[in-house]
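Values below: all heavy atoms of this structure, side chains included; hydrogens, waters and symmetry mates excluded. Predicted, not measured: the structure shown is a model, and the values here were computed from it.
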Amino acid sequence: MIDVLLRTLPFFALIGLGYGAARSRFFSEDATAALTKFVFYFALSAMIFRFAATLSFGELFDVDLLFGYLAGCGVAYGVATAVAVMRGQDGPTAAVEAQCFAIGNVGFLGLPMMALFFGEASIAPMMLILSVDLVVFSSLIVILINLGRGNGITLATLWRVVRGLLANPMILSITAGLLWSGFALPIPDPAAEFLSLLAGAAVPGALFAIGASLASKSAERVEVALWLSFGKLVVHPLCVAIGVLWLMPVDPYAAKIAIAASALPIAGNIYILAQHYGIAPQRVSAAILISTVLAVLSLPVVITWVSAL
């Protein structure tokens, strides 16, 4: 486990560097927003396209992994929702807390980290997991919030979901890459070099941006934030393990990737949703910060465990 911890430290050191730069005001909030936009729309998109362009649809679409991962996430979602209801939370708040339980930082942190520990073969299952998170759960939370507020599932709600999916550069990059691969199109050398240069900025830029964004997170509602962090770092990987090892047994290698990916800290985009809808942004903010800090120790434990499976 010490070896795994040492190999994850550079990732978290880059996050810490970004946090320190923003906390000291050397890196402003506007600079953080600009860096995040660059990584999200350009560098990370280039990296995802390069990965997807080397895959076939058959490699990406593993039905057993899809349903095993969905089953595990569904159980975690249910646990979070049940506890929130028992605590007297309303429907929209329960939906946001459930999202914290089930959605990790797969795009910015998970893709490069899983490739480091499990090799480039991890890209296909990670792409599937990222697609499920983006398509299923990003849509689900919008629907649940509107239902919880008594708005029902209107055409406007459905259009908001579709528009969000169509505007997401990660989904567009995966789709474009698979189409490129499906038509067996070559990538000309200048284009390949361009993509390589741009994708090279994705990992350090994403990790620095994660840290810089954490500097603006508050530590309010610590008790609830600790519960949400525990749910994401412990309950979620256990539920996914049950899903991919017992409920819907998958290839052992894919199972390792899914369990390790589910142990990633809470995704930062949940805070954006919580802030946009005005639903518990403080507890989400604190949960993202706490789960990222705790993941320095918890993630190596999970990776060590699954490596021995």
Side-chain angles (χ1 to χ4, degrees), residues 36-37 39-53 55 57 59-63 65-74 76-77 80 95-96 98-115 122-146 157-181 199 202 206 209-210 213 232 236 240 243 254 257-258 260-277 284 288:
T36 302
K37 186 174 288 188
V39 171
F40 187 57
Y41 284 96
F42 297 98
L44 196 60
S45 295
M47 185 180 78
I48 289 174
F49 174 82
R50 283 181 69 216
F51 287 153
L55 300 172
F57 184 77
E59 288 177 292
L60 177 66
F61 196 71
D62 182 334
V63 176
L65 178 60
L66 172 65
F67 286 106
Y69 179 71
L70 271 174
C73 290
Y77 225 85
V96 169
Q99 196 82 352
C100 289
F101 256 60
I103 305 300
N105 208 325
V106 174
F108 276 40
L109 180 59
L111 280 171
M113 186 173 282
M114 296 307 126
S122 67
I123 298 302
M126 286 298 292
M127 287 286 190
L128 179 61
I129 289 166
L130 179 60
S131 299
V132 170
D133 287 350
L134 292 174
V135 176
V136 177
F137 292 103
S138 293
S139 304
L140 180 62
I141 188 171
V142 174
I143 293 171
L144 290 177
I145 287 172
N146 280 276
T157 300
L158 294 176
W159 171 240
R160 192 178 300 117
V161 170
V162 172
R163 186 177 58 189
L165 294 176
L166 293 177
N168 192 304
M170 291 188 186
I171 293 176
L172 295 177
S173 299
I174 293 172
T175 303
L178 288 174
L179 287 173
W180 201 278
S181 172
I210 291 171
S213 66
K232 183 65 197 70
H236 187 216
V240 169
I257 305 302
S262 66
L264 291 163
I266 298 169
N269 62 354
I270 301 175
Y271 174 74
I272 298 172
L273 279 168
Q275 191 176 46
H276 174 75
Y277 286 104
V284 174
I288 293 169

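Remark: A115 pairs with S122, I123 by the side-chain contact (heavy atoms from CB on, under 4.5 Å) rule, at least two apart or across chains. Residues forming a ring pair (Phe, Tyr, Trp, His ring centres under 6.0 Å) with F137 (at least two apart in sequence, or on another chain): Y77. Not a single side-chain hydrogen bond (donor to acceptor under 3.5 Å, both in side chains) links N105 to another residue, sequence neighbours left out. For L172, the side-chain contact (heavy atoms from CB on, under 4.5 Å) criterion is met by no residue, not counting sequence neighbours. F101 pairs by the ring pair (Phe, Tyr, Trp, His ring centres under 6.0 Å) definition with W227, not counting sequence neighbours. Among residues two or more places apart in sequence or in another chain, the side-chain contact (heavy atoms from CB on, under 4.5 Å) test is passed with A124 by L55.
In this structure, the side chain of N168 does not engage the main chain of G164 through any donor-acceptor pair within 3.5 Å. Under a 3.5 Å cut-off, the side chain of S138 and the backbone N or O of V135 do not form any donor-acceptor pair. In this structure, S181 contributes its side chain and G177 its backbone to no donor-acceptor pair below 3.5 Å. Looking only at distances, no side-chain donor or acceptor of K232 sits under 3.5 Å from a matching main-chain atom of A102.
A distance of 9.0 Å separates CG of L134 from OG of S139, quoted to the nearest 0.5 Å. The structure places CE of M170 at 13.5 Å from CG of L165, a figure rounded to the nearest 0.5 Å. Here I129 contributes atom CD1 and L65 contributes atom CG; the two are 5.5 Å apart, rounded to the nearest 0.5 Å. Distance check, rounded to the nearest 0.5 Å: CG of L158 to CD1 of I143 gives 6.5 Å. Rounding to the nearest 0.5 Å places CG of D133 at 11.5 Å from CG of L140. With values rounded to the nearest 0.5 angstrom, S262 atom OG is found 11.0 Å from I103 atom CD1.
Nearest heavy-atom pair across A98 and A80 is CA-CB, 3.5 Å. Closest approach of A167 and Y41 over heavy atoms only: O-CE2, 4.5 Å. Taking each heavy atom of F40 and S45 in turn, the nearest pair found is O-OG, 3.0 Å. A95 approaches I141 most closely through the heavy-atom pair O-CD1, 4.1 Å. Considering all non-hydrogen atoms of both residues, M47 and A202 come closest at SD-CB, 4.0 Å. For the pair G268 and I288, the tightest heavy-atom approach, listed with the atom from each and the gap, is CA-CD1, 3.9 Å.
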>> Assess the residue pair S131 and I174 against the criterion (side-chain contact (heavy atoms from CB on, under 4.5 Å)); give the C-alpha distance rounded to whole Å, side-chain angles, the decisive distance to 0.1 Å, and a yes or no.
In response: CA-CA 8 Å; S131 299; I174 293 172; 3.6 Å; yes
>> With side-chain hydrogen bond (donor to acceptor under 3.5 Å, both in side chains) as the criterion, how do D62 and Y69 come out once you've worked through the C-alpha distance, each side chain's angles and the decisive distance to 0.1 Å?
In response: CA-CA 11 Å; D62 182 334; Y69 179 71; over 6 Å; no
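Looking at heavy atoms from C-beta onward, M126 lies out of side-chain contact with F51 at the 4.5 angstrom threshold. No side-chain heavy atom of L273 sits less than 4.5 Å from a side-chain heavy atom of V96. Counting only heavy atoms from C-beta outward, the side chains of L109 and P265 approach each other to under 4.5 Å. The side-chain heavy atoms of I48 and M127, taken from C-beta on, include a pair separated by under 4.5 Å.
Around atom CZ of F67, no more than 12 heavy atoms belonging to other residues, nucleotides or ligands sit under 6.0 Å away.
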